[in-house]
Amino acid sequence: MKIKKAVFPVAGLGTRFIPATKAMAKEMLPVVDKPLIQYAVEEAFDAGIEQIIFVTGRGKKALEDHFDRCFEVELTLQNKGKKDLLKQIQELVPKTGTIVYTRQNEPLGLGHAIWCARDIVGDEPFAVLLADDLIQTNKPVLTEMVKKFDRFRASIAAVMEVEKDQTDKYGILDASQLEKNIFRINDMVEKPAPKDAPSNLAIVGRYILTPTIFKHLGKKKTGAGGEIQLTDAMKSLLKEQPVFGYKFEGTRFDCGDKAGFQMANLAFALERPDMRDKLIHFIKEIQKDF
Ligand code: UTP
């Protein structure tokens with residue numbers, strides 16, 4: 001079965017980014033000149049996704065407007081002859097009817113946000129993308145995961161190795177390596193202290209899940225941080241179905257964290273020919289003061 005739907009939970013409070021996120025979803029923060037959510041939506045369409053499901057909270061309006069047409073701006077760009085910019089903003093609007101919005105009334109956790117999309121997803125496997133996990137790579141992660149799904153026909157989470165003292169920031173795997181970048185997950189723990197971590201393999205924000213996950217999310221078990229965690233539901237899913245880990249190639253930036261966000265901006269800006277030289281010059285200059 002083809003993966004046609006992708007869920008984007010965008011209802012978190014983004015407390016690490018207050019005050020920027022007081023009235024706006026953190027997924028609308030721009031890296032260089034594109035909001036985080038646009039990178040994730042483009043990754044999903046490139047992987048063959050046909051329907052985008054946003055689980056929103058506050059900041060919904062800016063997000064909706066971003067993926068809608070804006071005739072005023074279009075007209076102005078047209079009148080000024082700015083054809084490239086006009087094309088850009090027209091192309092980022094998905095075909096009518098491909099975006100669906102639902103609301104998470106209370107920020108009860110990532111697991112709960114995904115559960116809010118259960119009726120829209122229905123009885124088919126689907127993708128989940130956390131836009132604040134931005135990944136710089138030549139091998140787009142969701143596209144690779146869709147290929148793995150075609151092979152294994154089972155749930156898959158994107159994973160990466162983290163420093164041993166960082167395990168308390170992630171869902172950590174107990175897993176057996178099957179191939180160079182494929183793991184069979186035996187168990188998982190949400191945010192373990194380094195001494196309790198079964199490995200340094202951490203889950204990051206790309207998943208393909210079978211619809212059975214909704215049964216486990218529906219138990220609404222409260223886990224780490226008092227939130228309904230996706231990791232707990234996946235742990236329970238493991239008891240009835242295999243779940244795999246895909247170790248992706250590339251660099252992941254935690255854009256929900258202020259330092260991670262700045263690093264992402266620098267890394268993505270350095271890829272732009274129009275900015276690269278200026279930035280390198282600036283870095284060399286300020287480096288003298290380090
Ligand atoms: P985070 O764990 O980063 O939480 O969420 P957060 O609330 O957004 O941010 P901080 O920790 O307070 O700074 C991971 C993803 O899950 C979504 C977020 O929007 C983000 O994409 N999420 C989280 C929800 O949609 N609902 C929730 O209740 C919690």
Side-chain angles (χ1 to χ4, degrees), residues 6-31 35-41 43-44 52-64 66-67 99-118 120-121 126-135 141-142 157-160 162 166-172 188-192 202-207 209 213-214 217-218 220-234 252-264:
V7 175
F8 294 77
V10 289
L13 292 180
T15 53
R16 287 170 292 164
F17 243 110
I18 283 173
T21 49
K22 182 169 170 264
M24 179 186 78
K26 73 174 160 190
E27 289 79 5
M28 284 304 294
L29 292 170
V31 166
L36 287 167
I37 193 69
Q38 194 183 328
Y39 288 93
V41 165
E43 182 181 336
I52 301 291
I53 303 162
F54 286 124
V55 182
T56 64
R58 298 155 318 126
K60 176 180 139 102
K61 193 167 181 313
L63 200 116
E64 275 188 358
H66 186 71
F67 290 103
I99 299 191
V100 179
Y101 295 89
T102 187
R103 190 101 176 179
Q104 184 190 26
N105 308 74
E106 274 182 278
L108 297 180
L110 171 61
H112 179 257
I114 295 168
W115 180 78
C116 290
R118 66 199 179 284
I120 307 171
V121 171
F126 63 103
V128 174
L129 293 96
L130 306 189
D132 48 348
D133 272 341
L134 184 60
I135 300 168
V141 179
L142 195 66
V159 301
M160 67 174 194
V162 296
Q166 297 292 304
T167 56
D168 58 355
K169 296 190 172 66
Y170 301 90
I172 299 289
M188 46 179 85
V189 200
E190 184 62 30
K191 303 188 171 68
I203 301 182
V204 301
R206 300 289 182 280
Y207 308 82
L209 297 166
I213 195 74
F214 290 121
L217 288 170
K220 299 195 184 154
K221 194 175 146 234
T222 307
E227 296 194 342
I228 298 169
Q229 298 283 359
L230 174 60
T231 311
D232 292 330
M234 288 179 75
R252 171 261 191 186
F253 296 95
D254 177 5
C255 291
D257 169 77
K258 284 178 213 168
F261 178 74
Q262 303 309 329
M263 289 178 214

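Atoms within a ligand are numbered from 1 in the order they appear, just like the ligands themselves. As the structure is a computational prediction, the values presented were derived from the model and not from experiment.
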Please identify which atoms of ligand 1 are closer than 4.0 Å to at least one heavy atom of [X].
X	value
Gln104	24 (C), 25 (O), 26 (N), 27 (C), 28 (O)
Glu27	18 (C), 19 (O), 20 (C), 21 (O)
Leu13	6 (P), 7 (O), 8 (O)
Ala113	24 (C), 25 (O), 26 (N)
Leu108	28 (O)
Pro107	28 (O)

*Do the ring planes of Phe54 and Phe8 sit parallel (below 30°), tilted (30 to 60°) or perpendicular (above 60°)?*
tilted

*atom 25 (O) of ligand 1: which protein heavy atom is closest, and how many Å away?*
Ala11 N, 2.9 Å

*Would you kindly specify which portion of Glu106 sits under 4.0 Å from ligand 1, judged on non-hydrogen atoms: side chain, backbone, both or neither?*
neither

_With a cutoff of 4.0 Å, is Val55 in contact with ligand 1, counting heavy atoms of the residue only?_
no

*Could you tell me whether a side-chain N or O of Asp133 sits under 3.5 Å from a main-chain N or O of Gly205, the two making a donor and an acceptor?*
yes

*Less than 4.0 Å between atom 2 (O) of ligand 1 and some protein heavy atom, yes or no?*
no

